[in-house]
Amino acid sequence: MAYISARKCVRTFLAAFMIIMAAAFLFSIDGKAAKQGDQADSFRYGLSAESDSMNGVTLLANNAWKRVGNAYYNGSGSKINGAYAKGIDVSSNNGSIDWAAVKADGVEFAIIRCGYGMNQTDQDDIRWEENVSGCEAVGMPYGVYIYSYADSVSKAVSEANHVLRLIKGHNLSLPVYFDMEDSSIFNNTTAKQRGKIAAAFCKKIEAAGYDVAIYANYNAFTNELPEETFDQWGRWVARYNSSCGYKGTYQMWQATNKGTVDGIQGFVDIDFRISSQIFVKPTIKVATSGKKKAKITWKPKKSGTTCQIYYSRKKNGKYKVLSVNGKKGSAKVKKLKSGKK
């Protein structure tokens, strides 16, 4: 048996302690660096209080976050009520993506980060062009999001211009999402101001002809964002749980940041498009308009919603599209038969 003197033991302890402290210091530096730049101080990157213990075991279920038949399942293998499409949201933090492999693995849509903050080229997502080109090449429906730091109306307008600059020439099939999650927004504004900030961004995007919606976590939508203002636009709710649980209406749920998809290295966020909790039929009117013509007008009853309008000249015949994204409008149908509906 070997014996070590008390003095030598103290020296050994101090040396080990200094190594540990140095390592802790370096870890601290790395941790702070990771929160700067385009990483964004975000619960997307593991800082969320929205997750529960479920998220740590989601990958154990065979059908976790997958589609089986016409149903979609959560991390515990239970059916997700109202889900009708599975997607992912990505940024440069997900690295280079094989979009053909992603689509082949059952992903049905994508939300791509185009940038963060105000309209500066150095705040464009460095993989924006790569990702949007990849989606378009494989026919993947996509929308975009911008990570917001806007704590004023003027900054929100600049962020809207940032998005419009980048999406020009591209054909989005899903909305532009205003990502309101950064702590600086909630720390430096009132609820009323946040409503004005969101309105400035959304109206600028809508004026350019695009659909727009808001992204935030469950807690923010419940406590920080005034419902009467945000009911004007769709909601994309983040909550890493077995169910979304949000009591208001929402169009999409970000269910986990621990998903796995072919074509992407590491974990990726998984999202589900959710059907409206309350369906309200739009107002549709049909009136004759000259010989063998009819004029059709439509208008959604609920603000912020759209409708899809189809028609057929024959009973049980093939339907043709009048409007896929009809906020309000009219159209004429020709070559109709007299006395027929």
Side-chain angles (χ1 to χ4, degrees), residues 30-50 89-94 111-129 131-132 143-168 172 175-208 210 212-226 229-230 232-239 252 254 257 269 271:
D30 289 342
K32 290 179 181 178
K35 295 179 184 179
Q36 297 172 359
D38 82 336
Q39 187 79 328
D41 189 6
S42 160
F43 66 86
R44 290 176 185 272
Y45 307 108
L47 303 180
S48 174
E50 294 300 311
D89 61 272
V90 299
S91 71
S92 58
N93 296 291
N94 295 103
I111 310 297
I112 308 168
R113 190 181 71 169
C114 60
Y116 53 96
M118 292 190 292
N119 192 13
Q120 301 171 198
T121 56
D122 63 346
Q123 295 189 154
D124 298 351
D125 188 292
I126 61 174
R127 292 192 183 272
W128 155 248
E129 288 293 346
N131 282 331
V132 72
V144 306
Y145 79 90
I146 185 167
Y147 187 96
S148 176
Y149 292 102
D151 55 9
S152 69
V153 166
S154 61
K155 290 181 181 179
V157 171
S158 180
E159 292 184 351
N161 287 329
H162 190 175
V163 174
L164 294 174
R165 170 171 59 83
L166 292 173
I167 64 177
K168 185 177 180 180
L172 281 66
V176 171
Y177 289 95
F178 189 43
D179 184 342
M180 299 184 74
E181 62 175 290
D182 195 81
S183 58
S184 63
I185 297 175
F186 301 112
N187 293 338
N188 298 323
T189 62
T190 64
K192 186 175 182 179
Q193 288 172 328
R194 290 191 282 276
K196 292 180 179 179
I197 288 166
F201 179 91
C202 292
K203 289 178 180 179
K204 184 76 175 179
I205 298 296
E206 286 180 327
Y210 297 95
V212 66
I214 307 293
Y215 170 94
N217 66 33
Y218 172 90
N219 179 66
F221 273 130
T222 302
N223 301 308
E224 304 287 354
L225 304 177
T229 298
F230 290 88
Q232 298 176 68
W233 303 288
R235 292 180 178 89
W236 175 13
V237 183
R239 195 182 195 193
M252 193 153 67
Q254 187 184 69
N257 61 352
D269 297 341
D271 305 279

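- Residues passing the salt bridge (charged side-chain N to carboxylate O under 4.0 Å, His left out) test with K155, sequence neighbours excluded: D151.
- Annotation: the span from Y177 atom OH to R235 atom CZ amounts to 13.0 Å, rounded to 0.5 Å.
- Distance check, rounded to the nearest 0.5 Å: OG of S91 to CD1 of I126 gives 9.0 Å.
- Judged by distance alone, the side chains of D89 and W236 never bring a donor and an acceptor atom under 3.5 Å apart.
- Residue Y147 holds its OH atom at 13.5 Å from CG of D125, rounded to the nearest 0.5 Å.
- Of all heavy-atom pairs spanning F186 and L225, the tightest one is CE2-CD2, 4.0 Å.
- Counting heavy atoms from C-beta on, the side chains of R113 and D179 never come closer than 4.5 Å.
- For D182 (side chain) and I185 (main-chain N/O), no donor-acceptor pair under 3.5 Å exists by modelled atom type.
- Atom CZ of R239 sits about 7.5 Å away from atom OG1 of T222, to the nearest 0.5 Å.
- Separation of atoms CD1 (I214) and CZ (R194) is listed at 12.5 Å; rounding is to 0.5 Å.
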Review item, side-chain donor-acceptor pairs of residues 159-167, under 3.5 Å, at least two apart:
from: E159; atom 1: OE1; to: S148; atom 2: OG; distance (Å): 2.6
from: E159; atom 1: OE2; to: Y149; atom 2: N; distance (Å): 2.9
from: E159; atom 1: OE2; to: A150; atom 2: N; distance (Å): 3.3
from: N161; atom 1: ND2; to: V157; atom 2: O; distance (Å): 3.4
from: H162; atom 1: ND1; to: G117; atom 2: O; distance (Å): 3.0
from: H162; atom 1: ND1; to: M118; atom 2: O; distance (Å): 3.0
from: H162; atom 1: NE2; to: D124; atom 2: OD1; distance (Å): 2.7
from: R165; atom 1: NE; to: N119; atom 2: OD1; distance (Å): 2.8
from: R165; atom 1: NH1; to: D124; atom 2: OD2; distance (Å): 3.1
from: R165; atom 1: NH2; to: N119; atom 2: OD1; distance (Å): 3.0
from: R165; atom 1: NH2; to: D124; atom 2: OD1; distance (Å): 2.8

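- Side-chain atoms of Q123 come within 3.5 Å of backbone N or O of Y116 as a donor-acceptor pair.
- For the pair G234 and A213, the tightest heavy-atom approach, listed with the atom from each and the gap, is O-CB, 3.3 Å.
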Take V132 and C114, measure what side-chain contact (heavy atoms from CB on, under 4.5 Å) needs, and give me the verdict at the end.
CA-CA 9 Å; V132 72; C114 60; over 6 Å; no

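- To the nearest 0.5 Å, atom CD of residue E181 and atom CD of residue E224 are 13.5 Å apart.
- Note: Y145 and Y215 have parallel aromatic rings, judged against thresholds of 30 and 60 degrees for the angle between ring planes.
- Contact record, A198 with F230: CB-CE2, 3.4 Å, taken as the closest heavy-atom pair.
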